[in-house]
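The residues of the chain are indexed from 1 along the displayed sequence.
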Amino acid sequence: ASGDAEGSVVALSRRAMLAVLRGRFDTAAALAEEFTARARRIGLPDAERLTAALHGGMLTERGSEPAWEAGLEQVYLVASRFPGHFYEATAARILAALGRHAEAAAELDRLLPPVLAASGPRWLGAVTDLSAVAAEVSDGAAAAQLYEALRPYAGRLVVWGGANFVNGPASYFLGLLATELGKADLAVSHFGDA
C-alpha cells in the first residue's frame with residue numbers, strides 16, 4: 001500500500017510460510033506462485049532462494065519420499081550455488097528421513113565442526129537440522145555437542161534467515177537430543193515445552 005514493492009513481495013512470502021505452518025497447502029502453493037512471479041518481476045535478489053524455501057517447507061510438511069528425493073536434489077543445487085550457508089545440513093536431514101543413514105551420518109561428521117564454529121542467519125536452522133540427524137543416526141557424541149549449542153535457545157522458535165522457513169521449536173530438537181543421550185526426564189520436559 002505504501003508503494004514498497006520489495007516489502008510487499010516479502011510479506012507475501014511470509015503469508016505463504018504461515019499457510020504452510022497452518023497446513024493450508026493449496027493456499028500456500030498459490031501464494032508461493034504469486035510471490036515467485038512478483039519477485040521476478042521486480043528483480044528481488046533472493047527470489048530464487050525464497051521460492052525454494054517456500055517449496056521446501058511444503059515438501060517437508062507433506063512428507064512423501066518422492067517429494068523428499070526431489071527436494072534433496074534442489075537443496076544440493078542451492079548448496080553448490082551458495083557455499084558456506086549450511087544448506088547441506090538440510091540435505092543431511094532429508095537423507096536421514098529417507099533412511100539413508102550412512103550418507104546422513106557422513107554429512108553430519110563433515111558439517112558438525114564448521115557449524116559449531118559458525119554464526120549467522122542460517123546457523124540455528126543448521127544446528128536443528130543436524131540435531132535431527134544426530135538423533136536419527138544415533139550419534140551420541142554429536143548429540144552431546146549439539147545439545148550444548150542449542151540449549152540457550154530452549155523455548156524459542158527456530159526461524160531460518162529472514163523468516164522464510166520455520167523449523168519448529170528449539171525445545172523439540174533438544175528433546176530429540178536428550179532422548180539420544182538417554183536423559184528421558186529431560187527429553188519429556190523439552191517435548192512438553194515444544
query: When clusters are formed by joining ILVMFWY residues with side-chain heavy atoms under 4.5 Å apart, either directly or through shared neighbours, do V75 and F86 land in the same one?
result: no
message: Applying a strict under-4.5 Å side-chain criterion to I, L, V, M, F, W and Y, I'd like to know whether V10 and I42 cluster together.
response: yes
CZ-CG distance between R14 and L31, expressed to the nearest 0.5 angstrom: 13.0 Å
- request: Work out which heavy atom in A143 is nearest to a heavy atom in L181; give both atom names and the distance.
  value: CB-CD2, 4.0 Å
V127 versus V115, closest heavy-atom pair with distance: CG2-CG1, 3.8 Å
statement: The reported gap from CD in Q145 to CG in L177 (rounded to nearest 0.5 angstrom) is 11.0 Å
message: Can you give me the closest heavy-atom contact between A104 and A96, atom names plus distance?
response: CB-N, 3.7 Å
message: Does atom CD (E73) have a neighbourhood of more than 12 heavy atoms from anything else shown, all under 6.0 Å?
response: no
message: Any side-chain to backbone donor/acceptor pair from T36 onto A32? Under 3.5 Å, distance only.
response: yes
H101 to V137 - nearest heavy-atom pair and separation: O-CG1, 3.7 Å
- request: Measure the shortest side-chain to side-chain distance between E107 and V133 over non-hydrogen atoms and say whether it is less than 4.5 angstrom.
  value: no
field: With F82 via ring pair (Phe, Tyr, Trp, His ring centres under 6.0 Å) - residues at least two apart
entry: none
- prompt: Honestly curious: do L116 and V158 fall in one hydrophobic cluster under the side-chain, below-4.5 Å linking rule?
  reply: yes
- request: Might you confirm whether atom CZ of F25 has over 12 heavy atoms from other residues, nucleotides or ligands at distances under 6.0 Å?
  value: yes
task: Answer yes if L12 and L21 sit in the same cluster of Ile, Leu, Val, Met, Phe, Trp and Tyr residues linked by side chain heavy atoms under 4.5 Å apart, and no otherwise.
output: yes
task: Determine which pairs satisfy salt bridge (charged side-chain N to carboxylate O under 4.0 Å, His left out) with at least one residue from residues 126-141, sequence neighbours left out, and list them in order.
output: R93-D129
query: Got a donor-acceptor contact below 3.5 angstrom from the S171 side chain to the G155 backbone?
result: yes
task: Could you tell me whether the side chain of I94 reaches within less than 4.5 Å of the side chain of Y76, counting heavy atoms only?
output: no
- prompt: Is the shortest heavy-atom distance from the side chain of L176 to the side chain of S131 under 4.5 Å?
  reply: no
message: Tell me every residue that passes salt bridge (charged side-chain N to carboxylate O under 4.0 Å, His left out) with R100, counting only those two or more places apart in sequence or in another chain.
response: E69, E103
For residues 184-192, please give each side-chain donor-acceptor pair under 3.5 Å, one per line with the distance, not counting sequence neighbours.
{"from": "H190", "atom 1": "NE2", "to": "Y147", "atom 2": "OH", "distance (Å)": "2.7"}

- request: Look up atom CZ in R81 and atom OH in Y87, then write down how far apart they are to the nearest 0.5 Å.
  value: 10.0 Å
message: Holding to salt bridge (charged side-chain N to carboxylate O under 4.0 Å, His left out), I want the full list of residues that pass it with E180, two or more places apart in sequence or in another chain.
response: none
query: Are any non-hydrogen side-chain atoms of Q74 and L77 less than 4.5 angstrom apart?
result: no
Separation between CG of L150 and CZ of F173, rounded to the nearest 0.5 Å: 8.5 Å
task: Check side chain to side chain donor-acceptor pair (under 3.5 Å) between R22 and all other residues, then give those that pass, not counting sequence neighbours.
output: none
message: Looking at every non-hydrogen atom in both residues, tell me the closest pair between L108 and A134 and how far apart they are.
response: CD2-CA, 3.8 Å
task: Give a yes or no on whether M17 and L44 share a hydrophobic cluster (residues Ile, Leu, Val, Met, Phe, Trp, Tyr; joining criterion: side-chain heavy atoms under 4.5 Å apart).
output: yes
- prompt: Is the shortest heavy-atom distance from the side chain of T128 to the side chain of L146 under 4.5 Å?
  reply: no
query: D4 and G7: which non-hydrogen atoms are nearest, and at how many Å?
result: OD1-N, 3.0 Å
Residues, nucleotides or ligands: over 12 heavy atoms within 6.0 Å of R156 CZ: no
